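All remarks here apply to the structure that follows.
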There are 2 protein chains.
Amino acid sequence: MNTKDLAYFDRLIKLKNFSQVANEFGVTQPTITMAIQRLEAEFQAKLVLRDRVHHELVVTASGRQLAVHAESVLQELALAHQEITHLTQDQTVLGLPPIIENYYFPQVAASLQKRGMLADIRTLTGGSVWLRNALRDGQADLALLGSTAPLAYKSLIAEEFDRQPFNIFVSAAHPLAKRKRIYFSELKQEKFVLFNHSFVHNTAFNLLTRRNHFRPDVVFRATDTHAIMNLVAENVGVTFLTGIVDQHRPDVARLELLDDEQPAFLSSIVYRSSHVLTPAQQQVLTILRTTLTRS
Amino acid sequence: MNTKDLAYFDRLIKLKNFSQVANEFGVTQPTITMAIQRLEAEFQAKLVLRDRVHHELVVTASGRQLAVHAESVLQELALAHQEITHLTQDQTVLGLPPIIENYYFPQVAASLQKRGMLADIRTLTGGSVWLRNALRDGQADLALLGSTAPLAYKSLIAEEFDRQPFNIFVSAAHPLAKRKRIYFSELKQEKFVLFNHSFVHNTAFNLLTRRNHFRPDVVFRATDTHAIMNLVAENVGVTFLTGIVDQHRPDVARLELLDDEQPAFLSSIVYRSSHVLTPAQQQVLTILRTTLTRS
DNA sequence: CCCCATTATAAATTATTTTTATAGTCGCTG
DNA sequence: CAGCGACTATAAAAATAATTTATAATGGGG
């Protein structure tokens, strides 16, 4: 079977139009007709029904079933391409969420530089949720990810190396600024400045708001710690971040949370279980482990 | 790309000999040479090195990486074939471990028969561990599985419907037969007759022996409850089974375990998350749910 | 040195896919 | 209701791709 046929089929399921699929792939329309016929012969089943009455394309149960597998076959092959490209170029793509990039990466970078390995590393920045997908899709080979619970995905191997509590940051001008510790429930009336949705902070934050039965007033979401801190300093709102971002700013105060069973920010080294690490990637992994794991 | 090439490659990685692979597929040797060259061109990387000196075939890092994905592509396609065959024949293959087949299935079968659906169901018998693989590989569409912990596999959906403690069964002639309850540690000196390894009972049993620091004297392993019970009745050994197998035999006594945090035998309805259920399979699922879930 | 077991290469053959050209279906519209 | 437009199907020809046949190349061992 030709994987091209699966690619045609995959698009057909989505576009529901033979001619459009043909266009997208730069082939003629009968090519798609023939491809589908080949698949129908191969699997001995009708995959799509041409319902001319309601002029739409109906995907049969078999078609839906094949679509599921076609997609993962194509995904698997794309992954193979990505990984082998990185492999032959002896390049390592390391995914880093901004908080981790700021706090943990400098030590790692120093260690890598000493061994002359920093040049072979490309970093990829994004929220932990987004990076987890990038890792799965082969855009990254290794990643340092944040999470609120230990990462347990069959396709990924995660090695936790740190665990930090979340803190509340308020402007020095804020009435709460003189407090050292606070219960989350005391923040019901506050305005919040938070990370945008692809960050795990939200998972933890949502857990706490749910547990304390309130709908937080989120006035702004940003992608960058500094941006958030600047807004907090200006008293636009308060924020919810890990202690490690503490920049010792005189205009922002950090408060610890007093709640029981608080969520924590776990940091892990993560890579695909299906990924064959190059010697260089293996070395990067070792350096990450030795640099980050606190004894 | 042709999946045939991946199949050739997959075998080549294992056999490490072009001619043998050609033989297995009933093609000539240059076919394999060409297939590998096509893949090497496609992925722009050497996949195997022909080391004539030590006359063996060396798989490169890229080759190993591709092998991982090739295998899962082929597996995915085989699965698609299986599932679509079941789909078009409107057949449901239901996996049942023998204990569940004996205890839970009769009620289900009655319910299915009433709706005239029993004929479209083929059952597949085996230990829970074996059946889980059969389910993954598409040999079964649905299964009732036993486990000691909730089943959590990304590729499978499991709905727990019952939870039973494990019991000890001894011959009526056995000194322990007059007891009603017992600690597992009291069985250190006993001989055991158990299920063979593909049953979850062993997971639970091993947990208890490890926790109580002893190496059990397992005199026999069988695949069938009746066989085990007969051996127990003959005082060949004692056994470790769920209470539900209780056949109210006068020659065998059942003892409850007094240990804290005992493992339990969980029964779940399981199916592949990637599987598109036919209306018939959907119905079977509903019947399984309503029949098995105790309110 | 020749033979054996391997894998590679090239040309011929065979198989498969794609294109070109055209037909069929159905709904819509004047 | 004829004709047009938006679809998909079919058949023959053309273009590609895979496989075979025949033979070469490589290196080890008798």
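Predicted model only: the values in this text are computed from it and were never measured. Hydrogens, waters and symmetry mates play no part in the numbers below; they use all other heavy atoms, side chains included.
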Distance in angstrom units between L6(A) CG and dT17(C) P, rounded: 12 Å
dT10(D) OP1/OP2 closer than 4.0 Å to side-chain N/O of T33(A): no
Rounded distance (Å) that lies between atom P of dT19(C) and atom CD1 of I32(A): 9 Å
Whether over 12 other heavy atoms sit under 6.0 Å from E71(A) CD: no
Distance test, side-chain N/O of N17(A) to OP1/OP2 of dC7(D), below 4.0 Å: yes
Worked verdict on T60(B) versus R64(B) for side-chain hydrogen bond (donor to acceptor under 3.5 Å, both in side chains): CA-CA 6 Å; T60(B) 66; R64(B) 286 200 303 279; over 6 Å; no
Could you list the donor-acceptor pairs under 3.5 angstrom formed by side chains in residues 32-39 of chain B, with sequence neighbours left out?
from: T33(B); atom 1: OG1; to: Q29(B); atom 2: NE2; distance (Å): 3.0
from: R38(B); atom 1: NE; to: D5(B); atom 2: OD2; distance (Å): 2.8
from: R38(B); atom 1: NH2; to: D5(B); atom 2: OD1; distance (Å): 2.9

Audit row: Y153(A), R136(A), side-chain hydrogen bond (donor to acceptor under 3.5 Å, both in side chains) steps and yes/no: CA-CA 10 Å; Y153(A) 292 88; R136(A) 187 198 59 201; over 6 Å; no
Length of the line joining N23(A):CG and dT8(D):P, which is rounded to integer Å: 12 Å
Between dT8(D) (C1') and Q20(A) (CD): distance, integer Å: 14 Å
Side-chain heavy atoms of L57(A) within contact of F18(A), under 4.5 Å: yes
Separation of atom CZ in F18(B) from atom P in dT20(D), rounded to whole Å: 16 Å
Touch class at under 4.0 angstrom, heavy-atom based, for Q37(A) against every strand present: sugar-phosphate
Value in whole Å for how far the P atom of dT17(C) lies from CE of M1(B): 15 Å
Value in whole Å for how far the P atom of dT25(C) lies from CG of L57(A): 18 Å
Per-nucleotide protein contact string for nucleotides 11-19 of chain D, where B marks a base within reach and S marks sugar-phosphate only (heavy atoms under 4.0 Å, - for neither): -------SS
Pair Y271(A)-Q281(A), side-chain donor/acceptor within less than 3.5 Å: no
Phosphate contact (dA9(D) OP1 or OP2) by R50(A) side-chain N/O below 4.0 Å: yes
Protein-nucleotide distance (E42(A), atom CD; dT17(C), atom C1'), rounded to Å: 15 Å
Distance-only side-chain donor-acceptor flag, R115(B) / Q283(B), under 3.5 Å: no
